[in-house]
Structure formats: C-alpha cells, structure tokens
Amino acid sequence: MIDFAADQSRSDLELRRESIGFDLPEPGASLDLTMDDGAPIRVVRHGNPAGPRVVLSHGNGFASDSYFPFWRLMLERFDLTLFDFRNCGRNPFHASESHNYSRFVRDYAEVHGAISAEWGKKITIGVFHSMSAITALLATRDGTWHWDALLLFDPPVVPPEGSQLRGSFMTAAEMLRDSARARQNRYRNPEELADVFRYLNRFRRLRKGVAELNAHSILRFDPERGDWQLCCPGQIEANLYTEAAELPIWRKPGPHARPLMIVGSDPEPEDAWKTAACCKLFCETFGIDYAVMPDTSHLLQLEEPERCFALFSGFLADNGIGP
C-alpha cells in the first residue's frame with residue numbers, strides 16, 4: 001500500500017492504475033499525523049475544496065481507497081478527506097496491542113482536530129462503514145460529535161444478552177474471526193488475493209473491478225522479499241469481529257445532537273449478513289433514522305455505489321446541508 005515517502009506513493013498509485021479498472025485520482029493534499037501513542041495515520045484530500053467537508057473511512061479488512069466506486073461520486077461537489085485506521089491501508093504497521101475500538105475512538109478525535117486545524121473549520125459530514133461506523137457511534141454514546149451530520153452504513157451493532165439476534169450474530173462473527181486468523185499474510189501479487197475475493201460467496205455482489213481494487217488497497221509491496229503483504233495482518237483484524245459484542249453500543253443514548261442516519265443492508269435474503277437485522281432493530285429501539293438498501297449485503301457501498309450516493313445526497317438535502 002502507499003508508504004509515507006512521496007516517491008513510493010506515486011509509484012504505488014501508478015501501479016494500481018495500470019492493474020485495476022478504476023483510475024484512482026492523485027490526492028490534492030495530504031496530512032501525516034502521529035497519534036499520541038506514536039501510531040502514524042495519513043489523511044488525504046480530494047474533490048472540491050469549496051464544498052462541504054466529507055470525512056470517510058472504511059470497514060474491517062478494507063481501506064478507504066477500496067470505496068472509490070462510492071466516493072468518486074463525491075468529487076465534484078464535496079471537499080473529501082479520507083483516512084485509514086491505524087495499521088491499515090496507507091499507514092505503516094504500528095502495534096497490535098493498540099488495535100481496538102477504544103483506541104480508534106481516541107484516534108477519531110485526533111484526526112478530526114488535525115483536519116480542522118490544517119484545512120479550516122467548516123460543515124463536516126462523517127460517512128463511515130462497519131468498523132468505522134461503530135467507532136463513530138461509540139463517540140456519540142459519550143456525547144461527542146465531531147461532525148455536523150453522520151451517515152453510517154451497516155454498523156455491526158451487536159444486540160445485548162437476551163436478544164434472539166445475538167447468538168446468530170456471534171456465530172457469524174466467530175467464523176469471520178477464525179477465517180481472519182487463518183488468512184495468509186503474504187501474496188505473490190495482488191491478483192492472487194483478488195482471486196480469493198472473487199471465490200468467496202460473501203463477495204459475490206461486488207462491482208466488477210472491486211476485488212482487484214481492494215486487493216491493491218490492503219496490500220503493500222515488500223521490495224526485500226519481492227512479494228506483497230497485508231497492511232493489516234489477519235491476526236490483528238480478527239479480534240475486532242467479536243470485540244464489537246462487548247461494546248456499550250446498546251446503552252440508551254441521549255438525544256442526537258445532530259442529524260444521524262443508519263443505512264442497513266437488506267435483511268430479507270436467506271443469506272443476509274447478520275448486521276442487517278441488527279441495524280434495523282437498533283434503529284427501531286432508539287428512534288434513529290433508518291434506511292434499507294434492497295438487494296445488498298454488508299458491502300453495500302461496493303455493490304450499489306450510485307444508490308448509496310443518492311441516499312447520501314437525499315439525507316443531506318433533508319437536513320439542509322450541501323452545495
């Protein structure tokens with residue numbers, strides 16, 4: 001993946017442009033941050049600097065560039081800032097022991113403050129999926145709002161003990177955890193990992209080219225060995241699937257200080273991801289605005305990017321936000 005050295009950034013981006021079906025743009029600006037425990041996080045800026053700011057991040061096992069089919073639709077109207085979670089994507093590996101949700105929440109605060117300090121304060125919309133959506137919800141549970149509005153895609157909100165949905169969710173989460181632990185961490189080339197994504201049934205709805213895009217976004221070339229390694233090793237990714245069950249997400253929240261909507265994947269298919277029904281129940285329980293994206297799985301932004309963007313635009317219009 002992209003290293004912090006500018007020359008490596010350019011060569012990696014050029015390599016990806018040659019290898020995948022998406023023409024990823026050069027960032028207009030970047031911001032290299034160091035968290036208070038030493039973890040490096042790079043923020044990149046795309047789009048229209050005069051527009052409202054959108055801050056976007058990714059789900060577990062992905063990187064922000066993986067979502068290019070979705071965020072490319074924002075480039076004309078929005079001042080888009082992307083960041084990858086610590087140990088993921090553009091960021092060098094830092095440490096495994098600090099790869100957890102409580103640390104992610106602190107990173108959010110540091111990243112948000114640095115973006116405002118570097119590029120100015122303005123209306124800011126957070127658009128997050130799965131792992132990053134859960135992190136945003138954790139911050140709001142404590143009354144912290146870094147954003148003027150939040151749109152969250154299919155966060156894995158695990159119901160509390162006693163819910164009929166909890167057991168089936170945990171079974172699925174444990175399978176994902178075990179799969180991540182067993183995953184190989186090195187590949188001959190990104191196409192080898194893309195083949196894995198194309199083979200797995202849970203990725204069957206991905207748009208053409210997304211398997212290759214994601215493989216390039218989460219791998220980093222190792223010049224010493226001449227192969228590619230996962231930016232975030234599977235063993236580090238693994239525990240997050242079950243850690244979500246221990247988070248205080250279902251604690252009764254206070255009133256939402258600013259607009260918040262959760263977009264769930266389709267709960268109707270027989271093989272629907274367990275997140276879908278849990279998102280629906282969570283929003284019904286706490287009176288959160290909710291929309292469902294029919295005929296999608298947990299990876300809805302990578303399956304139906306245009307429909308997800310239309311919903312995003314409608315959410316902003318309904319709340320009087322946007323160019």
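Numbers for residues simply follow the sequence, beginning at 1.
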Find out whether Leu150 and Ile125 are in side-chain contact, i.e. whether some heavy atom of one side chain is under 4.5 Å from a heavy atom of the other.
no

Salt bridge Glu268-Lys280, side-chain N to carboxylate O under 4.0 Å:
no

Might you confirm whether atom CD of Glu284 has over 12 heavy atoms from other residues, nucleotides or ligands at distances under 6.0 Å?
yes

May I ask you to decide if Ala95's main-chain N or O and Arg86's side chain share a donor-acceptor pair within less than 3.5 Å?
no

Considering all heavy atoms of both residues, which atom of Ser217 and which atom of Ala63 are nearest to each other, and what is their separation?
O-CB, 3.6 Å

To the nearest 0.5 Å, what is the distance between CG (Asp195) and CG (Asn189)?
8.5 Å

Without swapping roles, check the side chain of Thr124 against the backbone of Lys122 for a donor-acceptor pair under 3.5 Å.
yes

Looking at Asn100 and Glu97, would you say the former's side chain and the latter's main chain have a donor-acceptor pair under 3.5 Å?
yes

Can you pull out every side chain to side chain donor-acceptor pair (under 3.5 Å) where at least one residue sits in residues 147-166? Sequence neighbours excluded, please.
Asp154-Ser265, Asp154-Thr275, Asp154-His298, Glu161-Arg166

When the ring centroid of Phe70 is compared with that of Tyr67, is the distance short of 6.0 Å?
no

Under 30°, 30 to 60°, or over 60°: which ring-plane class applies to His146 and His112, parallel, tilted or perpendicular?
tilted

If you apply the rule side chain to side chain donor-acceptor pair (under 3.5 Å), what do you find for Gln229 with Arg220, and how did you get there?
CA-CA 5 Å; Gln229 60 183 335; Arg220 179 181 290 112; over 6 Å; no

Residues Asp84, Arg90; criterion salt bridge (Lys or Arg N to Asp or Glu O under 4.0 Å); working and verdict:
CA-CA 7 Å; Asp84 297 326; Arg90 299 177 183 86; 3.3 Å; yes

Would you kindly confirm whether Leu176 and Phe203 end up in one hydrophobic cluster when ILVMFWY residues are joined by side chain heavy atoms under 4.5 Å apart?
no

Could you walk me through whether Trp228 and Tyr187 pass the ring-ring contact (aromatic ring centres under 6.0 Å, His included) test, one step at a time?
CA-CA 5 Å; Trp228 296 71; Tyr187 297 84; over 10 Å; no

What distance separates Leu260 CG from Phe286 CZ, expressed to the nearest 0.5 Å?
12.0 Å

If only atom types and distance count, is the side chain of Trp145 paired as donor or acceptor with the main-chain N or O of Arg258 below 3.5 Å?
no

Salt bridge flag under 4.0 Å for residues Arg207 and Glu306
yes

Presence of salt bridge, Glu237 and Arg183, under 4.0 angstrom
yes

Before accepting this row, confirm whether a basic side-chain N of the pair Arg198/Glu212 lies closer than 4.0 Å to the acidic partner's carboxylate O.
yes

Between Trp71 and Leu82, is there a donor-acceptor pair closer than 3.5 Å when you use the side chain of the first and the backbone of the second?
no

Do Leu33 and Phe93 share a hydrophobic cluster (ILVMFWY, side-chain heavy atoms under 4.5 Å, transitive)?
no

Answer yes or no: is there an ion pair linking Arg205 with Asp266, defined by an N-O contact shorter than 4.0 Å?
no

Between atom CH2 of Trp119 and atom CD1 of Ile115, what is the distance when rounded to the nearest 0.5 Å?
6.5 Å

What's the spacing between Leu138 CG and Ile249 CD1 if we round to 0.5 Å?
4.0 Å

How long is the gap from NZ on Lys274 to CE on Met170, to the nearest 0.5 Å?
13.5 Å

Lys/Arg-Asp/Glu bridge criterion (N-O < 4.0 Å) met for Asp227, Arg188:
no

Using only atom types and a distance under 3.5 Å, with no angle test, would you say the side chain of Asn91 pairs donor to acceptor with the backbone of Arg42?
yes

CA sep, side-chain torsions, deciding dist, call: His99, Phe85, ring-ring contact (aromatic ring centres under 6.0 Å, His included):
CA-CA 9 Å; His99 199 83; Phe85 274 48; 7.9 Å; no

Pairs under 3.5 angstrom only: tabulate donor-acceptor contacts from the side chains of residues 308-323 to other protein residues two or more places apart or in another chain.
residue: Ser313; atom: OG; partner: Arg77; partner atom: NH1; Å: 3.4
residue: Ser313; atom: OG; partner: Phe309; partner atom: O; Å: 3.2
residue: Asn319; atom: ND2; partner: Phe315; partner atom: O; Å: 2.8

Please report whether the ring centroid of Phe128 lies less than 6.0 Å from that of Tyr108.
yes

Please check: side-chain N/O of Ser66 versus main-chain N/O of Phe62, any donor-acceptor pairing under 3.5 Å?
no

Note: with side-chain heavy atoms under 4.5 Å as the link, the other cluster members for Met175 come out as none

Whether Glu110 side chain and Asp36 backbone form a donor-acceptor pair below 3.5 Å
yes

Count I, L, V, M, F, W, Y as connected when their side-chain heavy atoms are under 4.5 Å apart, and connections chain through other members. Are Phe169 and Trp273 then in the same cluster?
no

Value rounded to 0.5 Å, distance of CG in Asp107 from CE in Met35:
5.5 Å

